[in-house]
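Atom set for the values below is all heavy atoms of this structure, side chains included, hydrogens, waters and symmetry mates excluded. Residue numbers count from 1 along this sequence. Computed from a predicted structure; not experimentally measured.
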Amino acid sequence: MSKVFKQALTEQGEGQYVFTMPSGGVSVSASFRPIAPAKPEEALWRNPYTDVAGGAWYCDAVRFVDEHGLMDGYGKSLFGPNDNLTRAQFAQILFNKEGGPVVNYLLRFGDITAGAWYTEAVRWAASQGIAGGYGNGLFGPDDSITREQFVVMLWRYAGCPAAADKELYFTDADKISGYALEALRWAVACGIVNGYEGRLDPRGLVARAQAAQMLKNYLDQQETV
């Protein structure tokens with residue numbers, strides 16, 4: 001009965017391998033198995049923003065929204081991470097996410113002028129029930145958006161899903177406006193919005209870096225559903 005010996009190979013480079021020949025009369029055969037191709041290294045992001053440091057807590061989020069065409073900078077290589085996001089800017093972000101659809105909808109906001117950079121974004125958001133005005137015929141495009149306003153628009157964009165957990169363990173939960181309660185329950189339960197120092201700060205303003213992070217949290221969560 002012949003014996004089978006498995007002999008280790010030594011790589012010599014350039015696809016060449018050698019092995020030590022056993023003594024005595026032998027026959028040599030080789031067997032091959034496929035190997036998974038190496039995954040290409042993740043493409044490096046060329047950070048276009050001089051005010052977004054590589055080690056900043058929001059750097060990955062800014063990269064995400066930049067690469068996905070959701071947010072961009074102000075020109076002069078600035079992102080403005082600490083600047084407040086406006087209501088028109090957030091409408092534009094969601095509009096960008098949908099690919100800028102054309103809608104036939106009559107805008108009834110007295111402060112939205114035809115031809116403004118955000119007009120079509122607000123038109124689309126209003127037509128979808130994502131964004132409403134203040135109830136006095138005004139939209140407030142240049143107003144800084146609050147955390148609860150931001151979450152409500154995102155919640156409506158997501159289809160008004162029910163929250164998995166109704167409890168909000170924040171010391172200022174009683175400061176949440178009635179119209180925003182279900183939206184904030186959903187956002188907290190999904191990990192889209194986090195409080196700080198035990199507070200949710202529903203009427204605080206949203207910085208652009210925070211907006212980028214919340215958008216990333218939301219879209220990452222959508223991929224796992």
Side-chain angles (χ1 to χ4, degrees), residues 52 56-62 64-65 68 70-71 79-98 109 111 118 121-122 124-225:
V52 176
W57 64 265
Y58 48 77
C59 182
D60 286 345
V62 172
F64 180 89
V65 296
H68 286 77
L70 302 177
M71 297 177 70
F79 182 80
N82 298 315
D83 295 347
N84 292 334
L85 189 78
T86 67
R87 288 166 54 82
Q89 286 173 343
F90 191 41
Q92 185 68 50
I93 289 168
L94 297 178
F95 186 62
N96 293 345
K97 178 65 174 64
E98 288 301 296
F109 303 123
D111 53 355
Y118 50 75
V122 174
W124 166 80
S127 74
Q128 301 300 304
I130 294 168
Y134 291 133
N136 56 357
L138 300 177
F139 180 80
D142 298 321
D143 293 351
S144 296
I145 196 167
T146 66
R147 287 164 62 85
E148 63 181 13
Q149 289 172 353
F150 182 100
V151 168
V152 166
M153 287 179 64
L154 188 61
W155 178 64
R156 291 172 177 169
Y157 173 76
C160 301
D165 186 353
K166 298 290 186 180
E167 296 298 327
L168 290 172
Y169 300 99
F170 298 96
T171 58
D172 58 351
D174 60 330
K175 301 295 192 297
I176 299 172
S177 299
Y179 76 92
L181 183 58
E182 287 303 311
L184 279 164
R185 284 172 172 166
W186 163 77
V188 170
C190 292
I192 297 166
V193 175
N194 299 298
Y196 46 90
E197 298 180 352
R199 297 185 304 113
L200 192 56
D201 194 19
R203 302 187 188 186
L205 303 181
V206 177
R208 285 169 55 83
Q210 293 172 332
Q213 186 64 62
M214 287 190 282
L215 285 165
K216 184 177 185 301
N217 293 346
Y218 165 69
L219 292 171
D220 284 348
Q221 183 266 345
Q222 290 298 105
E223 291 182 356
T224 62
V225 172

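- Minimum interatomic distance between Arg87 and Tyr134 (heavy atoms only, all atoms of both residues): CD-OH, 3.2 Å.
- Here the options are Asp83, Leu205, Leu85, the test is side chain to side chain contact (heavy atoms under 4.5 Å, CB included), and the partner is Ser144; only Leu205 passes.
- If you take CZ on Arg203 and CG on Leu200, they are separated by 12.0 Å, rounding to the nearest 0.5 Å.
- Tyr218 and Tyr157 have perpendicular rings, their planes meeting at more than 60° on a 0 to 90° scale where under 30° would count as parallel.
- Listed here is the closest heavy atom pair of Ala91 and Trp124: O-CZ3, 4.3 Å.
- Asn84 contributes atom CG, which lies 11.0 Å from atom CG of Asp143 (distance to the nearest 0.5 angstrom).
- We find the CZ-CG distance between Arg147 and Leu184 to be 8.5 Å, quoted to the nearest 0.5 Å.
- Considering all non-hydrogen atoms of both residues, Asn96 and Leu70 come closest at ND2-O, 3.3 Å.
- Looking at residues two or more places apart in sequence or on another chain, you find a side chain to side chain contact (heavy atoms under 4.5 Å, CB included) between Glu182 and Trp155, Lys166, Arg185.
- The distance from atom CD1 of Ile176 to atom CG of Leu168, rounded to the nearest 0.5 Å, is 5.0 Å.
- Residues Val151 and Ala183 share a closest heavy-atom pair of CG1-O, 3.3 Å.
- For the atom pair CD (Gln210) and CH2 (Trp57), the distance works out to 5.5 Å, reported to the nearest 0.5 Å.
- In plain terms, the two heavy atoms of Phe90 and Leu154 that are nearest each other are CE2-N, 4.1 Å.
- At a threshold of 4.5 Å between non-hydrogen side-chain atoms, the residues Val193 and Phe150 do not count as touching.
- Judged by distance alone, with hydrogens and angles left aside, the side-chain atoms of Thr146 form a donor-acceptor pair with the main-chain N or O of Gln149 at under 3.5 Å.
- In this structure, the side chains of Arg208 and Gln89 come closer than 4.5 Å at one or more pairs of heavy atoms.
- When side chains are defined from C-beta on, Tyr196 counts as touching Asp201, because their heavy atoms get closer than 4.5 Å.
- Closest approach of Ala209 to Phe79, counting heavy atoms only: N-CE2, 4.4 Å.
- Between Leu215 and His68, the closest side-chain pair of non-hydrogen atoms is not below 4.5 Å.
- Counting heavy atoms from C-beta on, the side chains of Leu219 and Lys97 come closer than 4.5 Å.
- The distance from the CD1 atom of Ile145 to the CE atom of Met153 is 5.0 Å, given to the nearest 0.5 Å.
- Using a 4.5 Å cut-off on side-chain heavy atoms (C-beta onward), Met214 and Val206 make contact.
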| query | Does the side-chain hydrogen bond (donor to acceptor under 3.5 Å, both in side chains) test come out yes or no for Gln221 and Asn217, once each step is laid out? | reply | CA-CA 6 Å; Gln221 183 266 345; Asn217 293 346; over 6 Å; no
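- Within the 4.5 Å cutoff, side-chain heavy atoms of Pro141 are placed close to those of Asp111.
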